[in-house]
Amino acid sequence: MNTENKNKENKDIITLAIESSCDETACSILRNGREVLSNIISTQIETHKKFGGVVPEVASRKHIENIDIVVQEALDESNMTFDDITHIAVTYGPGLVGALLVGLSYAKSLAFTLNKPLVGVNHIEGHLSANYIEHKDLKPPFITLIVSGGHTHLVEVKDYGEYEILGKTKDDASGEAFDKIARAMGLGYPGGPIVDRLAKEGNPHAVEFPRACLHEKGYDFSFSGIKSSVLNYLNSMKMKDIEIVPEDVCASFQAAVVDVLTQKTIKACKEKGYKTVTLSGGVASNSGLREKMSELCAQEGIELKYPPLILCTDNAAMIGCAGYYRYINGRRDGMELNAIPNLKINQG
Ligand code: KG4
Ligand code: ZN
């Protein structure tokens, strides 16, 4: 596979990347795939907070309002003009179809009017690529755990763009479980960072929540059982008129999720013979997950890498990095490229 980081004329490759798959409108400019010149993110969290979750229609409207501003800001901050751009990279799935279509239509119009190559990027591949930006020496092969609001995947990265899914969630994504239990406890949206903060003050052994799939063969996950168990616990405490300790519930819930995520990942590394593991996605910012994974990796002599917080949650720099590797390996898309809401990591 081509891992050269310049084009044939030995000129820098400048990527303009666009991300709009959920509730962040983002644009980033990168030089040769791993150097981020600008990374602009307009988040809609405040807008969706009052609904307790992302409202797809509202997300699409907000993307339309923001995309022009975000792209201009990314160019300004990187001191680049459209003329300097080598190619356009854009998320085309998975995600909310209306949200994806805003970024994709914008990227297509740019590619068409500027006569620059268009490269469609898989959002999940984007998440794992965030590690290439932060860790300049990181190269495949390695094992990666991708944990976000929409996905929970354990993947063997065999080469740039070559993946084998070892396991995935059978039901809720890990971030979704954080958001749902936070909502049930009236803690606010998004739930992950709030639960993480409260968990630091609580006792992780206060309530024994189930660790689903832990002793099953294979690497799949399930989080709906843990979530239901928390909801049942909250209901039963309410019926008995016993006041809960939110910090303890958060710490116990987080410990259960972290146990499953970390043990499955270590098991995959050992069984497949890998010595490097990376984390990515919004839940990779979780302090409990980072701590436990660091501890277990150190015990097993496995190297652990994860991106800084700003590259864990949705951003366009990660899309640009993945798009760059697609570009140098010859991927080109036409104006017929469509949004694919349920795009799988190894399907395009
Ligand atoms: O990667 P991301 O921005 O969007 C998706 O592609 O889904 O991830 C957002 C998810 C939300 O579910 C949010 O609650 C979760 O990541 N999250 C966290 C933390 N920070 C964000 N979950 C646990 N602990 C955190 N510190
Ligand atoms: Zn994401």
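No experiment lies behind these values; they were computed from the predicted model shown. Counting convention: from 1, in listed order, for ligands and their atoms alike.
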Novice: Which residue and non-hydrogen atom of the protein lie closest to atom 3 (O) of ligand 1, and at what distance in Å?
Specialist: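 Scanning the protein heavy atoms, the shortest distance from atom 3 (O) of ligand 1 goes to D314 N, 3.0 Å.
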Novice: Is it the case that Y325 and R34 place a side-chain donor and acceptor less than 3.5 Å from each other?
Specialist: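 A pair is found: one side chain offers a donor N or O, the other an acceptor, under 3.5 Å apart.
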Novice: Examine I29 and Y106 and state if one hydrophobic cluster contains both, with Ile, Leu, Val, Met, Phe, Trp and Tyr joined whenever side-chain heavy atoms are less than 4.5 Å apart.
Specialist: yes
Novice: Can you find an N/O atom of G282 closer than 3.5 Å to an N/O atom of ligand 1?
Specialist: yes
Novice: So which protein heavy atom does atom 18 (C) of ligand 1 come closest to, and at what separation?
Specialist: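 Residue, atom and distance for the closest contact: G192 CA, 3.5 Å.
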Novice: Rounded to 10°, how many degrees is the angle NE2/H127-the Zn ion (ligand 2)-OD1/D314?
Specialist: 100°
Novice: Would you mind naming the N, O or S atom of H123 nearest to the Zn ion (ligand 2)?
Specialist: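 Nearest N/O/S atom of H123: NE2.
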Novice: So which protein heavy atom does atom 7 (O) of ligand 1 come closest to, and at what separation?
Specialist: G149 N, 2.8 Å
Novice: For a distance under 2.8 Å, tell me if H151 has an N/O/S atom near the Zn ion (ligand 2).
Specialist: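 It does not: H151 brings no N, O or S atom closer than 2.8 Å to the Zn ion (ligand 2).
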Novice: Which residue owns the protein heavy atom closest to atom 26 (N) of ligand 1, what's the atom, and how far is it?
Specialist: D196 OD2, 2.9 Å
Novice: Do T15 and H87 have a side chain donor and acceptor closer than 3.5 Å?
Specialist: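 Yes - a donor-acceptor pair under 3.5 Å links their side chains.
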Novice: On the 0 to 90° scale, with breaks at 30° and 60°, tag the H127-H123 ring pair as parallel, tilted or perpendicular.
Specialist: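 Ring orientation, 0 to 90° scale: perpendicular.
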Novice: Does K292 pair with D259 as a salt bridge, N-O distance under 4.0 Å?
Specialist: yes
Novice: Can you sort out which atoms of ligand 1 are near H127, meaning under 4.0 Å from one of its heavy atoms?
Specialist: 1 (O), 6 (O)
Novice: What protein heavy atom lies closest to atom 12 (O) of ligand 1? Include the residue and the distance to one decimal.
Specialist: D179 OD2, 2.7 Å
Novice: Under a plain distance cut-off of 3.5 Å, with no hydrogens placed, do D171 and S222 share a side-chain donor-acceptor pair?
Specialist: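 The criterion, which ignores hydrogens and geometry beyond distance, is satisfied for D171 and S222.
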Novice: I'd like to check whether S287 has a polar contact with ligand 1, where a contact means an N/O of the residue lying under 3.5 Å from an N/O of the ligand.
Specialist: no
Novice: Could you tell me the residue and atom name of the protein heavy atom closest to atom 24 (N) of ligand 1, and the distance to it rounded to 0.1 Å?
Specialist: N286 ND2, 3.0 Å
Novice: Below 3.5 angstrom, do we get any N/O pair linking F178 and ligand 1?
Specialist: no
